[in-house]
Structures are given as structure tokens and as C-alpha cells.
There are 2 protein chains.
Amino acid sequence: MAIRAGRGLGQYSGVARALERVGERWALLIVRDLLAGPRRYSDLKSGLPRIPTNILSDRLKELQESGVVRRVPTVRGGYELTAFGRGLEPVVVALERWGWSALGDLAEGEVLTADALAMALRAAFRADAAAELPPTEYVLHVADMSVSALVVGRGLDVVPVGPGALPQPRRSVPDVAPEAVLELAVEPSGFRDLLTGLPGAVAVKGPPHGVTILDGGSALLERFRLTFRIEPVAPPAGVTDADATGDAASVA
Amino acid sequence: MAIRAGRGLGQYSGVARALERVGERWALLIVRDLLAGPRRYSDLKSGLPRIPTNILSDRLKELQESGVVRRVPTVRGGYELTAFGRGLEPVVVALERWGWSALGDLAEGEVLTADALAMALRAAFRADAAAELPPTEYVLHVADMSVSALVVGRGLDVVPVGPGALPQPRRSVPDVAPEAVLELAVEPSGFRDLLTGLPGAVAVKGPPHGVTILDGGSALLERFRLTFRIEPVAPPAGVTDADATGDAASVA
DNA sequence: CGGGATCCCAAGCGATACTG
DNA sequence: CAGTATCGCTTGGGATCCCG
């Protein structure tokens, strides 16, 4: 048990305490997926293709000991966040927003999962802008998965649709029928531009590359872009050698 | 290139990109300290007593390659955050707030540094409450170090005072003379209660244990507690055994 | 068949020593 | 003071195997 002494960061600090609990590799990605709802072991594994199974098992055990994750009693292999674990949402959202500026292009072998998509939408959500718009449902199809985002007032509820596991009935927004529905087919490459682009650009240039409107008008797409937007923080500047941040692709 | 294959998380996601850049051990603690201002190698080393020097060297190199950190040209061994790196403040603040709920007591061998203190104050800052209070300076003495927090309207500027390195003249708040100054001597143990306690408690019970007013009245202490407060998110509940998971100190 | 546990190897981390 | 070099140990990665 003297091992534990080596693990601590030796700091009496909230940041250090947080990192001791969820700072290990893969831990916050597991939390990200569980923020979308309860998941089974195999769901987590398939959503995180590069994680070795023993590491996933270890992390889940550690996260349970930290009080971040608990097992779902009724479901074999089911895991969910505790209230304490759900408190990590601001952390994950902040990471998502910051990392967005360094997203670059889809690299080979990288996956885009429904849970990652859901978190991106949560991080991009503008409650202030949404509050002035009528209740709307946005359905996004990316590759082989789909997510539905229901926006009512300042509330947002994102649920993965399709092969997602453990269907959760809880909708955190009031049960109102949306005034309108926008349905988009999005290429993984166009997904970044969809959330990054400036509002108003649709009216001028139409949908970004890789985005097709399946249902709804371009006015609804504009509404989407007012509701969901991630402001780039600052370019990863000052890099001496090449890094893979290919944000130069979008020629202005 | 093959190196990257092993390191990458294989996810096209902002969270994954962020973790690939600042998810390594110690990285976010280095960022935390640099958020307080430029620091020299030795400052970072002494603020992070448990970090091996080669790891500090490696992390600084990696953070420079990621565009998070740059060297201060005029100072030997000086480092500072880039604009991109300063964009991590919401991440660090969110971690600080969450980790605060799991802070526990000061464990043996743990240090409380001025930079950690400054980040705690930043995370605890309530701009809404501060906006309705007159400009105030708060000086905290903890162990052998001191920090000064100047609050003007919704603005906050925290500077470590004393043996801190690279004195930075920049004050982000307007240069107003504070209407009042509160000076506190705080034990490391009392520091947590000072930021966690509910407002109003001072009037009833006086200062928390381990907090002594050196200058200013208890009304100013109440002002402090309105201005700086970290709401606990939720207890690290649901743990099977004691909540001492992660720390070796089994002693209560 | 899904949910993990066990191996082995490589890479990362930690402590110390050493150099410009 | 600001790192680099080296070494043993711990951890993560990948494949396999076991158990219900």
C-alpha cells in the first residue's frame, strides 16, 4: 500500500485532489461517455476502441473507489456516474471547449462516437441564445450513429439514438413538443465546421461542406448555429515544429 | 509518427485532444502554477516538490510543442503560458472546484503553495456578489507565504507576495485604491473552512478555527466570505470502505 | 457470448547523479 | 540555476485466456 504514497501529487490543492481521482489516462474519457448516460462495460469498450480491457477494468474499479462511478444494480456490467461524478461535467465541458481549438482533422484510425458527439453539443450549447428561440429538436446523423438534441428554453437534453445502450427515459427538459425539427446528415469532417462557424454564414454561403439538410429549412440551420457554437479560444500558436493542427484547411 | 500512434487516444473529440496535450501527469499542475504568472524552472520545481526534474523538463518541452507554454526570452529558465495556454483557465478552475469537495485534511508531506492558494481564490471568486461590494483588498497569510487579492467590481486580481518569482506588474483590474483592506492569518487547516463555510456563519460563530483577523473587522470577513466561496458539489459518496481512498494517511 | 482477469513487453515515471 | 543522463520500477498496451 506504500504504492499509494507514490501516486499522490503532494499538493494540498483542489486541482491536485481532482487529478489524483480522475487524472489517470482514460479516466476522463470514461466519465465523458458516462455523462451521456449509464453504459455497459462493452459499450464503454466499443466507444473507446484503443483502451485495453484491463485498463478499462482498472479505471472503473478506481473510479468506484473514488465515489465517481457506481454500478447499476439492475444491469449486468452496467455503470453510471454518482452525483459526485456528475459534478465533473463542468470539467469535461471545459476540456471539450479548449480541445476543440486543437481538433484538426479526423486522423486515420480515429473514431467519432455518439457519446463524444453528445458532449460536443453540450459544450457548444448557448443557453442565452436558446432562451429566445422556440423549442426545437435537432437530429444529427454522423456516419452510422445519430443523436437527438432537444432544446427547450435554456434547457438542453442530448440523447444518442440507435445502437446506444441502456436507453434512459430521463429527459431533463420539460416535455414539450418541439416547434420545429431540423435533421442533418453530417460528415465527420463537416462536423467541426458546423459548430465552429460564425452565425450568419449560412445565409451567405449555405451549409458548410459535409453538411446536408435532410429535414427543415436553412432558417432552422441558422437557428442551430445560434444555439450550438464553440468559440475557438486561441490558436495553438508559437509552435516551432509541425503539429497536426490543420486548421489552415478552412481557407477564408 | 509511430510514436503518436501509441500516445493518441484514438478519438476525434475535443476532450481527447485536450487530454493528449495536457493530460499527462503533472501537466495541469504546471499550468496551474503558470496561470499565476511567469515562473522560472526552479520556481516550478519548488512549487511542485514531488515532481522529478526530468519529468518537469519533459513536460515543459511537450507543453511548448503543444503551444501551451513558451519561454520568457528575457529571463533565464523563465516560462509562461501562451494565449492558448491561458485558455486552460476554465479547465483548471473547474478541476479546482470539483477537487475542493474531496480535499479532506492536509496530509503529511503535502504542501500548500502560494500558486495553489491563488488558484483556489480564483475558483472561489463570485463575480456577481463582488459586483455589489466596494473595492476591497484581501491579504492572506498562510504558513510562510502570502497572497493579495484585489477585488474591484467584477474583477479579481490575485498576486502572490513574497518569495514568489518574476514579479509581474500587470494588474488586470482597474487601478483603484481599495475602500478597505482585510488581512488574515490562516492555518492550512482553516483555509478550507474559510472558503467552504456558508455566508452568515461568521456573524454567529466568529471566524472559523485557524483563521485570525490581523487587520479589518468581522464585517470585512463577512464580505470576504460573500466574495470567495466554493460550493461543494456532492460528497464522494457511495464508497464501500472509508473515504480515505487514495491517501495513505488512514489516521483521521 | 459478454464481462472481465492474466500474461508479457514496451513505455513512462521516479530518484539520483551529473554537467553546462 | 537549469537542465541532461542513467537506472530500476511501475504503469499502460496488446493479446490471450477464463468464467458465468
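A, B, ... follow the sequence lines: proteins, then strands. Residue 1 opens every chain.
- Listed nucleotides: dT11(D), dG3(C), dG3(D). Nearest to the side chain of Arg59(A): dT11(D).
- Between Asn54(B) and Pro52(A), the one whose closest nucleotide on DNA chain D sits nearer the 5' end is Asn54(B).
- For the OP1/OP2 pair of dG4(C) and a distance below 4.0 Å, the side-chain nitrogens and oxygens of Arg71(A) include at least one atom meeting the criterion.
- The phosphate of dA2(D) (OP1 or OP2) has a side-chain N or O of Ser42(B) nearer than 4.0 angstrom.
- Taking atom CG of Leu44(A) as the reference point, atom C1' of dG2(C) lies 13 Å away to the nearest angstrom.
- Going from atom CD of Gln64(B) over to atom C1' of dA2(D) covers 13 Å, rounded to whole Å.
- Distances shown here put every side-chain N or O of Arg76(A) at or beyond 4.0 Å from the OP1 or OP2 atom of dG4(C).
- Rounded to an integer number of Å, the gap from CG of Leu60(B) to P of dC13(C) is 13 Å.
- Across dG12(D), dA2(D), dG4(C), the shortest atom-to-atom separation from the side chain of Tyr41(A) is found for dG4(C).
- Applying the 4.0 Å criterion to OP1 and OP2 of dT4(D), one finds that Lys61(B) has a side-chain N or O inside that range.
- Atom pair Glu62(A):CD and dT11(D):P shows a separation of 9 Å (rounding to whole Å applied).
- Remark: P of dA15(D) and CZ of Arg50(A) are 11 Å apart, rounded to the nearest angstrom.
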Practice prompt. Determine, stepwise, if the pair Leu35(A) / Val92(A) fulfils side chain to side chain contact (heavy atoms under 4.5 Å, CB included).
Written response: CA-CA 9 Å; Leu35(A) 277 171; Val92(A) 177; 3.9 Å; yes
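- Side-chain atoms of Lys45(B) come within 3.5 Å of backbone atoms of Ile51(B) as a donor-acceptor pair (strictly under, hydrogens ignored).
- You'll find the ring centres of Phe191(B) and Trp100(B) inside the 6.0 Å limit.
- Ring planes of Phe125(A) and Phe228(A): tilted class, angle from 30 to 60°.
- A sub-4.0 Å separation between OP1 or OP2 of dG3(C) and a side-chain N or O of Tyr79(A) is absent.
- For Ser57(B), taking side-chain heavy atoms from C-beta onward, the closest of the listed nucleotides dG3(D), dG3(C), dC13(C) is dG3(D).
- One finds no side-chain N or O of Arg25(B) lying less than 4.0 angstrom from the OP1 or OP2 phosphate oxygen of dT11(D).
- Note: CH2 (Trp26(A)) to P (dT11(D)) measures 18 Å, nearest angstrom.
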Discussion item. For Tyr41(B) and Ser57(B): C-alpha separation, side-chain torsions, deciding distance, then whether side chain to side chain donor-acceptor pair (under 3.5 Å) applies.
Written reply: CA-CA 9 Å; Tyr41(B) 190 91; Ser57(B) 179; 4.8 Å; no
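- Residues Thr53(B) and Asp58(B) both approach DNA chain C. Their nearest nucleotides, taken by heavy-atom distance, put Asp58(B) toward the 5′ side.
- Whole-Å rounding puts the Lys45(A) NZ to dG14(D) P distance at 10 Å.
- What separates CG of Leu63(A) from P of dG4(C) is a distance of 14 Å, to the nearest Å.
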